[in-house]
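A note on names: the letters A, B, ... follow the listed sequences, proteins ahead of strands, and every chain is numbered from 1.
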2 protein chains.
Amino acid sequence: MKSRARPRPAARPPAEAEKGPAARARLEVDERRAQLLALGLSIFSERSYDEVSIDDIARAAGISKGLLYYYFPTKRDFYVAALRAASKELLDETLGTTKDASPEAQVEQGVRTYLAYVERRGAAYVALMRGGIGSDPEVAAVLEETRSTFLGRIVAALPPEAMGPLVHTAMRGWIGFFEAASIDWVARRSVPIEQIVTLAKVLLFDALRAATEFSQTNEPAPPKKKRPAKAR
Amino acid sequence: MKSRARPRPAARPPAEAEKGPAARARLEVDERRAQLLALGLSIFSERSYDEVSIDDIARAAGISKGLLYYYFPTKRDFYVAALRAASKELLDETLGTTKDASPEAQVEQGVRTYLAYVERRGAAYVALMRGGIGSDPEVAAVLEETRSTFLGRIVAALPPEAMGPLVHTAMRGWIGFFEAASIDWVARRSVPIEQIVTLAKVLLFDALRAATEFSQTNEPAPPKKKRPAKAR
DNA sequence: ACCGGCTGTTGAACTGAAGTCAACAACAAA
DNA sequence: TTTGTTGTTGACTTCAGTTCAACAGCCGGT
């Protein structure tokens with residue numbers, strides 16, 4: 001009975017109508033959150049950020065618009081959360097279980113796993129890892145964070161003396177190479193995965209070698225022959 | 001849509017007030033368009049797409065909001081137009097006047113000019129070439145177009161027999177490498193430009209060599225070639 | 001000068017989607 | 001049952017993008 005009679009937004013329709021699919025269920029925070037993130041990931045893979053309205057998302061999830069704001073403060077936050085989830089998934093999967101294999105084997109393993117993820121997620125990978133909302137600071141941060149993590153893993157496996165500004169840039173560049181190659185690969189699918197793996201692996205070491213070499217001199221380096229990573 | 005009988009928006013204030021800066025000037029279409037694009041380029045370099053409102057842009061340009069819509073059908077179109085202008089600028093500058101230099105010299109020249117652009121435009125390059133509005137189809141198209149043009153230039157200088165799916169992917173990847181390296185370079189500025197130029201040049205040919213090699217066999221390729229590039 | 005016509009320009013109104021909020025319902029504990 | 005907590009709702013508010021009819025600068029013809 002509550003005589004709290006406040007404004008009075010008119011009575012609500014009991015909504016007795018039975019909705020075929022999932023009628024309103026009261027889920028736990030974590031469940032619903034996970035459900036929404038998964039949904040967001042799939043939706044944003046197909047349509048761009050602002051081709052999708054909050055109402056679309058709510059409708060697809062079978063919930064009200066307001067509930068979305070109960071879990072995510074803003075549409076953008078929702079997008080970022082979905083992006084972050086995808087990033088985490090990728091990072092976790094590629095963490096690699098190989099401890100003490102040779103550097104070559106480790107790289108090969110990591111690259112292969114990465115490509116497997118790209119192949120499985122396809123559109124999601126392209127839509128979220130590439131592009132994103134763009135200039136948006138938070139989105140850029142997630143992408144930056146992801147690349148930075150990969151960079152860290154590579155650097156961690158390098159002999160400390162080999163590190164230098166140019167090597168840093170070179171590795172950064174290699175990540176760019178690999179992302180671009182991955183996208184081209186999934187988009188065209190005209191090359192066996194093994195060739196991509198080998199190409200990426202070889203170029204990583206090529207880049208590493210070239211960078212350490214050129215760090216010493218500004219000249220195109222005529223004397224030195226080869227010599228992967230070694231003394232400074 | 002809403003052709004309601006518009007009664008009478010009330011007379012407009014003569015606005016006799018003298019505006020200090022540039023009072024309303026009647027410009028020609030091309031001039032104003034160019035002015036707006038330049039302005040947009042600089043604005044979007046500093047703040048993200050939706051941190052900037054139409055009103056902000058209009059205010060900065062000293063015009064009314066409505067006029068913007070006289071030149072560009074939508075905010076997004078405006079953004080895309082600015083992006084396209086930047087892309088065209090970059091593509092034009094790097095077209096290279098060297099006709100018959102050696103492949104190496106051509107690449108070096110192109111890379112150097114590209115980096116000069118990146119250095120000059122700094123934020124604009126990063127904000128527009130990277131990111132963009134993201135998932136947006138049109139924006140993606142402009143970026144794709146830009147990369148595709150660069151790819152075309154590289155491919156055009158290759159001996160036809162050398163072309164294959166893997167080489168295509170490799171070159172695509174190299175472009176990704178170079179973009180990432182460029183961004184890292186402008187962001188950190190801890191490496192002399194010459195080193196970046198050399199690194200990029202060497203890796204282009206490394207990638208080319210590796211790709212043509214692996215195209216033949218799935219094996220890590222034991223023997224074979226050395227110098228593919230020859231310029232038709 | 002006067003009249004048009006063409007076109008750049010404006011301000012206010014309109015629209016639609018993001019974001020807010022008080023009421024409410026499902027469930028658990030008392 | 002009663003009460004407390006908290007997931008859930010839908011109408012409402014807000015505000016940035018978009019539309020539009022009126023308007024003003026400028027040229028050519030008379």
Side-chain angles (χ1 to χ4, degrees), chain A residues 1-17 19 22-36 40 47-59 61-80 133 136, chain B residues 1-17 19 22-36 40 43 47-80 133 136:
Chain A
M1 256 317 210
K2 297 327 194 89
S3 48
R4 301 252 329 174
R6 264 294 171 41
R8 182 143 309 219
R12 103 210 62 314
E16 308 267 4
K19 294 302 184 175
R24 69 181 59 170
R26 186 191 174 88
L27 296 181
E28 298 227 358
V29 172
D30 293 338
E31 289 180 69
R32 180 121 280 165
R33 206 184 146 83
Q35 173 214 343
L36 293 178
R47 288 183 288 162
S48 79
Y49 180 74
D50 39 28
E51 273 171 1
V52 179
S53 74
I54 287 286
D55 291 275
D56 288 338
I57 299 170
R59 200 173 310 120
I63 64 175
S64 73
K65 180 161 59 169
L67 191 56
L68 242 169
Y69 284 92
Y70 181 75
Y71 290 91
F72 305 94
T74 193
K75 182 187 180 186
R76 170 135 306 170
D77 281 289
F78 175 61
Y79 182 91
V80 171
I133 302 177
D136 181 88
Chain B
M1 250 261 200
K2 58 187 179 180
S3 48
R4 308 282 255 126
R6 179 58 66 71
R8 180 136 306 210
R12 110 193 41 329
E16 307 266 4
K19 295 303 184 173
R24 67 182 60 172
R26 186 191 175 89
L27 297 181
E28 299 225 358
V29 172
D30 292 338
E31 290 180 69
R32 181 120 278 168
R33 207 184 146 82
Q35 173 213 344
L36 292 177
I43 286 189
R47 288 183 289 160
S48 79
Y49 180 74
D50 39 29
E51 274 173 359
V52 179
S53 74
I54 288 285
D55 292 276
D56 289 338
I57 299 169
R59 199 174 311 121
I63 62 175
S64 74
K65 184 159 58 166
L67 190 56
L68 241 167
Y69 284 91
Y70 181 77
Y71 289 92
F72 305 94
T74 192
K75 181 188 180 186
R76 170 133 306 167
D77 280 288
F78 175 60
Y79 182 91
V80 171
I133 301 178
D136 181 87

A:Tyr69 side-chain proximity, nearest of D:dT9, C:dA18, C:dT9: C:dA18
Would a distance-only check, ignoring hydrogens and angles, find a side-chain to backbone donor-acceptor pair under 3.5 Å from B:Lys75 to B:Tyr49? yes
C:dG19 phosphate, OP1 or OP2: any side-chain N/O from A:Arg76 under 4.0 angstrom? no
Quickly work out the A:Asp50 CG to D:dA16 P distance and round it to whole Å. 16 Å
Look at the side-chain N and O atoms of B:Ser53 and state whether any lies under 4.0 Å from the OP1 or OP2 oxygen of D:dA16. no
Reported OH-to-CG distance for the pair B:Tyr79 and B:Asp50, which is rounded to 0.5 angstrom: 10.0 Å
Whole angstroms only, please: what is the OH-P distance between A:Tyr71 and C:dA18? 20 Å
If you assign A:Leu68 and B:Pro73 each to the DNA chain D nucleotide with the nearest heavy atom, which residue ends up on the more 5' nucleotide? A:Leu68
B:Lys65 NZ - C:dT9 C1' separation (whole Å): 15 Å
To the nearest Å, how far apart are B:Asp56 CG and D:dG17 C1'? 13 Å
d(CZ, A:Arg47; P, C:dA17) in whole Å: 12 Å
Can you figure out which of D:dG17, C:dT10, D:dT9 approaches the side chain of B:Leu67 most closely? C:dT10
Considering all heavy atoms, the nearest A:Leu36-A:Tyr71 contact: CD1-CD1, 4.2 Å
Select one nucleotide: of C:dA18, C:dG19, C:dT9, the one nearest the side-chain heavy atoms of A:Ile54. C:dA18
Test of understanding: with ring pair (Phe, Tyr, Trp, His ring centres under 6.0 Å), list the residues that count as partners of B:Phe72, not counting sequence neighbours. B:Phe78
Between C:dT9, C:dG19, D:dT8, which nucleotide has the shortest distance from any of its atoms to the side chain of A:Ser64? D:dT8
Can you give the donor-acceptor pairs under 3.5 Å from side chains of residues 52-64 of chain B to other protein atoms, not counting sequence neighbours?
{"unit_1": "B:Ser53", "atom_1": "OG", "unit_2": "B:Asp55", "atom_2": "N", "d": "3.3"}
{"unit_1": "B:Ser53", "atom_1": "OG", "unit_2": "B:Asp56", "atom_2": "N", "d": "3.1"}
{"unit_1": "B:Ser53", "atom_1": "OG", "unit_2": "B:Asp56", "atom_2": "OD2", "d": "3.3"}
{"unit_1": "B:Asp56", "atom_1": "OD1", "unit_2": "B:Arg59", "atom_2": "NH1", "d": "3.3"}
{"unit_1": "B:Asp56", "atom_1": "OD2", "unit_2": "B:Ser53", "atom_2": "N", "d": "3.1"}
{"unit_1": "B:Ser64", "atom_1": "OG", "unit_2": "B:Leu67", "atom_2": "N", "d": "3.4"}

Specify the separation, in whole Å, of atom CD1 of A:Ile63 and atom P of D:dG10. 11 Å
D:dT8 C1' sits how many Å from A:Phe72 CZ, rounded? 15 Å
Between C:dG19 atom C1' and A:Ile57 atom CD1, what is the distance in whole Å? 13 Å
